[in-house]
Amino acid sequence: MNKFNPKDFEDKWRKKWATEETYKTPEIKKGDEKFYSLYSYPYPSGAGLHVGHVEGMVANDIPARYNRMLGKKVMMPMGWDSFGLPAENYAIKTGIHPKDNTDEAIKAFIEQINNIGISVDWNTEVGAHYENYYKWTQWIFIQLFNAGLAYKKKAPVNWCPKDQTVLANEQVESDGTCERCGTEVEQKDLEQWFFKITDFADRLVDDLDKVDWPDSTKAQQRDWIGRSIGAEILWKLNNPDYKNKKENQKYIVELANTDDAEEISFIRVSGWLENNINEKTGVTKEFLGEFHDQKIPISKDKIQKQSNYIKENPESNLIIRENGKILGWLGLMFEEDNVISFGVYVHPDHRGRGVGSALMNYVFEKNPSHKFKIEVSKNNTRAIELYKRQGFEEVGESKWFIEGREENFIPLYVMEKECFVIHTFTTRFDTIPGPTFLVIAPEYEHLDKIVTAENKDAVSKYIDSIKNKTDLDRQTAKEKTGVFTGSYAVNPFNNEEIPIYVADYVLANYGTGAVMGMPGHDQRDYDFAKKFDLPIKYTLQPKDEGFEFPKDKAFEGEGYQINSGEFNGLWWEEAKDKIMDKLISEDKAIKKVNYRLRDWLLSRQRYWGCPIPVIYDPEGNAHAVPEEDLPVLLPYNVDFSPTGESPLAKSEEFQKSAEEKYGKGWRREVDTMDTFVDSSWYFFRHVDAKNDEKIFDSEKVNAWLPTDLYMIGAEHIVLHLMYSRFFTKFFFDQGLIDFDEPFYRMRHMGLILGPDGRKMSKRWGNVINPNDEIDKYGADTLRIYEMFMGPLIDAKPWNDSAEKGVLRFLSKVWDNFNRIQTTDSREEVKFEIRNSKFEIQEREINKLIKYVGPAIDTLSFNTAVAKMMEFNNFLTKEKEINKSVFERFMLVLAPFAPYVTEEIWSQMGNEFSIHNAKWPEFDESLTKESSVTIAIQINGKVRGTVEVDAGSNEDVVYSAAMKEQNIAKYVENEPKKKIYIQDRILNIIV
RNA sequence: GCCGAAGUGGUGGAACUGGUAGACACGCCGGACUCAAAAUCCGGUGGAGGUUAUACUUCGUGAGGGUUCGAGUCCCUCCUUCGGUACCA
C-alpha cells in the first residue's frame with residue numbers, strides 16, 4: 001500500500017489546473033446565479049505571503065470552490081495593493097527602485113498563491129501601480145473633480161517629520177504619533193486635495209442597514225461618521241465695545257400693514273415703478289422713493305425680491321409710530337444666501353432719535369443667524385456712524401444715481417454686518433437653562449468680533465501659548481486652560497448673560513467651535529468652572545430621597561428638570577425635546593445634524609503613488625487633465641529621497657511634458673494620491689481588468705457585484721470600507737452602476753499568532769512561513785489546519801503538532817481510499833440501501849453532506865473539518881468501504897483539500913476535474929437514525945439514558961425508563977409531572 | 001469614559017431556536033510494533049469521592065443573584081481580557 005505523500009501529485013495537478021483553465025471566470029449576465037469571492041487585495045511585500053494571507057485566501061477559496069460545484073458562476077480574483085509608503089521606504093533604504101522591487105514581490109506572491117491551491121483566475125489580476133489600472137484611478141479623480149467633489153484647500157495637515165509626508169487624521173495614532181513610524185506628528189499648512197465624502201455621510205450611515213456585516217464593523221463605521229442629531233442654539237453676543245444706546249430700544253416696532261401704505265407713502269415719493277430704462281445702470285423699472293431727501297431708483301429685480309420676501313415674511317414690513325405718526329419704516333428688505341439686505345427710512349423730522357437703531361435691532365433679533373447688508377451715501381455721516389455703532393463694516397462701494405441725472409451719481413458705501421450670534425451645537429436641550437459660561441475654540445473664526453479691546457492682549461497671548469503646544473500636549477493636558485474674552489452671550493432660553501471664554505478644550509473642527517458650558521452636568525465644563533471660579537447650576541435632579549449633587553464632580557446622571565421655568569418637573573428626555581421644539585419655533589435654535597467625519601485628504605507628498613491628474617495654468621488655476629491624455633504616467637527616474645517636497649517636483653521630465661502638451665507656464669500637480677484611493681475601487685476592475693476603453697463594462701459589473709463574500713482583516717477596516725462605499729455611491733450617482741453598496745456580505749479573519757502566543761514578528765523569531773509548511777506537509781494540510789484552528793474571526797496561536805494532526809487525518813483518508821472495495825456499485829446503494837451492509841455508511845455520508853454545505857455558507861470551517869474527521873474515523877473502523885460513499889466524501893472534502901481529492905478522484909477513474917464536479921445531494925430521510933438515545937432526568941438532573949425507536953411517544957420512553965434500575969429507584973410514587981421533548985429528553989418531576 | 005466582541009478541561013476549541021456540557025484535534029498516560037528511538041496503530045483522559053472492576057455519587061462553562069421542569073445559552077449586577085474610539089459638546 002502506497003503512503004500518502006502530497007509531493008507525488010501536487011505539482012501535477014497545479015499544472016493541469018493552469019493549462020486547463022479550471023478556474024476560468026465564466027461569462028455572466030445580470031441575474032445569473034453567481035458568487036463573487038473577494039479577498040482584500042494584499043500589499044505585495046518582499047517578505048512574501050504570510051500565514052494570515054493564507055487563512056483569508058483559503059476562507060475565500062473554500063466557498064468559491066463549493067459554489068462552483070453547486071453550479072454557480074464563480075469569480076475568485078486577485079490583485080495587489082502595490083503603491084504605497086513601505087515600498088518607497090524600502091527603496092530609500094536599499095536603493096532598489098520600488099517598481100522593480102514590487103514587480104519581483106508580485107511574482108513570488110503569484111507562485112505562492114498557486115502553491116496553496118487558491119482557485120484564482122489570473123485574468124482578473126489588477127495592481128494599483130499597473131498603468132492600465134492607475135489610468136482609471138486618475139479617471140475617477142477627474143469625475144469627482146468635474147462633479148465638484150474634489151477640491152483643493154489650504155489646510156493644517158498632520159505632517160510626519162520622519163516620513164516627510166502628510167498623514168490623514170486616521171493615520172495619526174491617538175497619542176499623536178505617526179501610524180507607521182511612531183514619530184510625533186506636527187501641524188503644517190499646505191494646499192491639499194480633498195474628496196467631499198462628507199456629502200455622503202447620511203447615506204454612509206443609513207445604507208449600513210442594507211449589508212450583511214459583523215455588527216462590530218457596522219458600529220465602527222457609524223462611530224467614525226459620528227452622526228449626532230441635535231440643534232444649534234443661537235446666542236446673541238453682547239460685546240461691551242458695541243454699546244447700543246438704550247434709548248434706541250424705547251420705540252415700539254410694529255408690523256406695517258396695507259392700511260399703513262398711504263401713511264408710509266408720505267416718506268416716499270409717489271410714482272414708483274416708472275418705466276425708465278437706463279442703459280448705463282441696467283435698471284429697467286425704477287422705484288422712485290425718497291430717502292434722506294433724495295429720490296432713488298430701484299431695479300425691478302430688487303423690488304421683486306422685496307415683495308416676495310414680504311409675502312413670505314410679513315413681519316419684516318416694519319414701522320415705528322409715535323402718537324399715530326409714523327417716524328420710520330423698514331423697507332426694501334430681502335434675503336439671499338443668508339444675507340439680508342434692507343433699507344432704513346426715517347422721517348426727516350425725527351432723525352437722530354434712535355429710530356433707525358430701533359428698527360435695526362428688531363431685525364437683528366428676528367434674524368440672529370444672518371448677515372446684513374446695507375448701502376449708504378458717503379456723505380450721510382450720521383447714518384454711517386449709526387451703522388458702525390451697530391457693528392457694520394464697510395466692504396465695498398457702489399453708486400446710486402438721482403432721477404436719471406448721470407452726472408450726479410452718489411458714491412455709496414456698501415456696509416455689512418455679520419450678526420454676532422454664536423452658535424453652539426448640542427443634543428442635550430434639557431441642560432439649556434444651566435450654562436454659566438460659553439467657551440469658544442482658540443481657532444474660532446470670528447474670534448476678533450468677540451474679544452474686546454481690553455482683553456485683546458490676554459487672548460492673543462493665550463493663543464500663542466497654545467500654538468507652541470503640540471497636539472499631544474493639548475490632548476493629554478489634564479488642567480483646563482482658557483481666558484476671558486470680555487464679551488457676554490445671551491442665553492436665548494432665559495435671556496441670562498454669561499461670560500464667553502476662549503479655551504483649547506473646545507475643538508474648532510467639530511460642531512461650531514463653540515460650546516455652552518454646563519458645569520453642573522458635564523465633567524469637562526465642571527473642571528473649567530472650578531478653575532475659573534464660575535458658578536455651577538443644575539438643571540436636573542433625581543427625585544431620590546436625600547439626593548445631593550456630588551461635591552467634586554459634575555452630576556452626569558439622569559433626572560427631572562429643575563431651574564427650568566415652565567419645564568420644571570419633566571423627565572429630562574421629555575424636556576429635551578420640548579425645549580428644543582420651543583427654541584426652534586422661536587427661531588432661537590436651528591435643527592442640525594453634526595458629523596465627526598471629515599472630508600478625505602488624499603494628497604501625499606510622495607513618489608510611489610498614483611499621480612493626481614491635475615494641471616495648473618500659468619495663473620495657477622487647477623484644471624483636470626483631459627481624459628484623452630490619461631494616464632499621467634509616473635516617471636521612472638526620479639530622485640525620491642525625502643526632502644519634504646514632493647519628489648515629482650524635482651522631475652524635469654514630468655514638468656516638461658506638461659509644457660509641451662499644454663503650453664508654456666503650465667505645470668503638473670506633483671502630489672500623488674493616498675493609496676486608499678487605489679484600493680477603493682479595485683473590486684470593480686477585477687470584473688473587467690483588461691478593458692482599455694473604459695473603467696469597466698457596466699453590465700459586467702452590475703452582474704457580478706456586489707461581492708458575495710469579502711474577507712478582510714479585522715484591524716484596518718474602517719477607512720477602506722468607508723472610502724470604497726463612498727466611491728460606489730458616487731459611481732451609482734453617475735449612472736455607472738445600478739447598486740450602491742459594494743460588499744454585500746463581509747467577514748473578518750483574526751490574527752494568527754506565533755506558537756508562543758505573541759504576534760508574529762521577526763523580533764520574536766516566531767514567524768511561520770507558509771512555504772516551509774507546504775514543504776513539510778503539503779498544501780492541503782496547511783489549508784485544512786488553518787481552517788481547523790478555530791473560528792476565523794478569533795486570534796489563534798499556531799500549533800505545529802496540531803498541524804501534524806491534520807496531516808494524520810489526510811493520511812488516514814488516503815489509507816481508507818486504498819481499502820475501497822471496488823466491487824460494489826452506486827446502484828446497489830441507491831435502491832437496496834435500507835438492508836445493505838452499507839446502510840450505516842450511507843446514513844453517515846448523508847449526514848456529512850447535510851452538515852458541510854451550510855457550514856461552508858456560514859464559514860464555520862473548523863466544525864466542518866471536525867465532522868469530516870469524525871466521518872473518516874468512522875470509515876476507518878468499517879470493514880469495507882463503499883466506493884460511492886467514499887466518492888461523495890471526496891466531493892465534500894474537495895473545497896478544503898483540492899490536491900488530494902483531485903488525485904483520488906482521478907485514481908477512482910473519474911473525469912477531470914473534481915472541482916467542476918457536481919456537489920453531492922443528500923436525502924433527508926437517509927440521515928435519520930432508527931433509534932435514539934434519550935436522556936432521563938429526575939427533577940432536572942440526568943440520571944440515565946434509554947435507547948428507543950426514533951419518534952417514540954412519552955409513554956414508551958417512560959416505561960423504558962422505569963425498566964432502568966438507576967432511574968426507577970428515584971421514582972417511588974407516581975411522578976408529579978413529566979416533560980417530554982421528542983427524541984431528546986424526558987424530565988420526571990417527583 | 002464610551003462603543004463592540006468574548007470569558008467553557010492541561011491546550012486550540014464544539015454545543016441547532018434553553019434540552020445528556022466538553023464534539024473534533026493537540027497534549028498527556030497506558031499498551032502494541034521495535035534491540036532502541038522516531039513514525040504508526042490500539043485504549044484511556046474535566047475535578048473530587050467511590051468500586052477489584054462495572055456501577056454510582058458529587059462539583060463543574062469568569063463572579064454573584066434571578067427566570068425555568070431544565071441555563072454555557074435568557075434577564076440583572078459585577079469582574080477580567082481583547083478590538084475600536086475619545087476633551088465630539
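Between Lys796(A) and Glu55(A), the closest heavy-atom pair is NZ-OE2, 2.7 Å.
The distance from atom NZ of Lys867(A) to atom P of A15(B) is 8 Å, rounded to the nearest whole Å.
Atom name P, nucleotides G44(B) and C59(B): the rounded distance is 27 Å, in whole Å. A distance of about 36 Å separates the P atoms of U52(B) and G64(B), rounded to the whole Å. Straight-line distance between the C1' atoms of U61(B) and G18(B): roughly 15 Å, to the nearest whole Å. Annotation: A21(B) and C16(B) have their P atoms spaced 14 Å apart (nearest Å).
Here the nucleotide nearest the side chain of Pro797(A), chosen from U85(B), C59(B), G12(B), is G12(B). With A89(B), C69(B), G4(B) as the candidates, the nucleotide lying closest to the side chain of Ser228(A) is A89(B).
In this structure, Lys592(A) forms no cation-pi arrangement with Phe425(A), as its terminal cationic atom is not both closer than 6.0 Å to the ring centre and no more than 45° off the ring axis. A cation-pi geometry, defined here as NZ or CZ lying under 6.0 Å from the six-membered ring centre and within 45° of its normal, does not hold between Lys480(A) and Phe528(A).
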Checklist entry - What dot-bracket string describes RNA chain B from 5' to 3', counting Watson-Crick and G-U wobble pairs whose defining distances are under 3.5 Å, with [ ] for crossing pairs and | for pairs to another strand? => result (((((((..(((......[....)))((((((.......))))))((((......))))..(((((..]....))))))))))))....
Next on the checklist: side chain to side chain donor-acceptor pair (under 3.5 Å) for Tyr980(A) and Asn953(A)? Distances and angles first, verdict last.
Outcome noted: CA-CA 8 Å; Tyr980(A) 177 60; Asn953(A) 64 22; over 6 Å; no
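Evaluation of atom-type donor-acceptor distances gives a pair under 3.5 Å for the side chain of Arg984(A) against the base of C16(B).
Aromatic rings of His521(A) and Tyr538(A) (six-membered ring for Trp) have centroids within the 6.0 Å cut-off, being under it.
Taking the syn range as angles within 90° of 0, the glycosidic angle of G9(B) is syn.
Looking at Asp800(A) and Pro755(A), their side chains never come closer than 4.5 Å, going by heavy atoms from C-beta outward.
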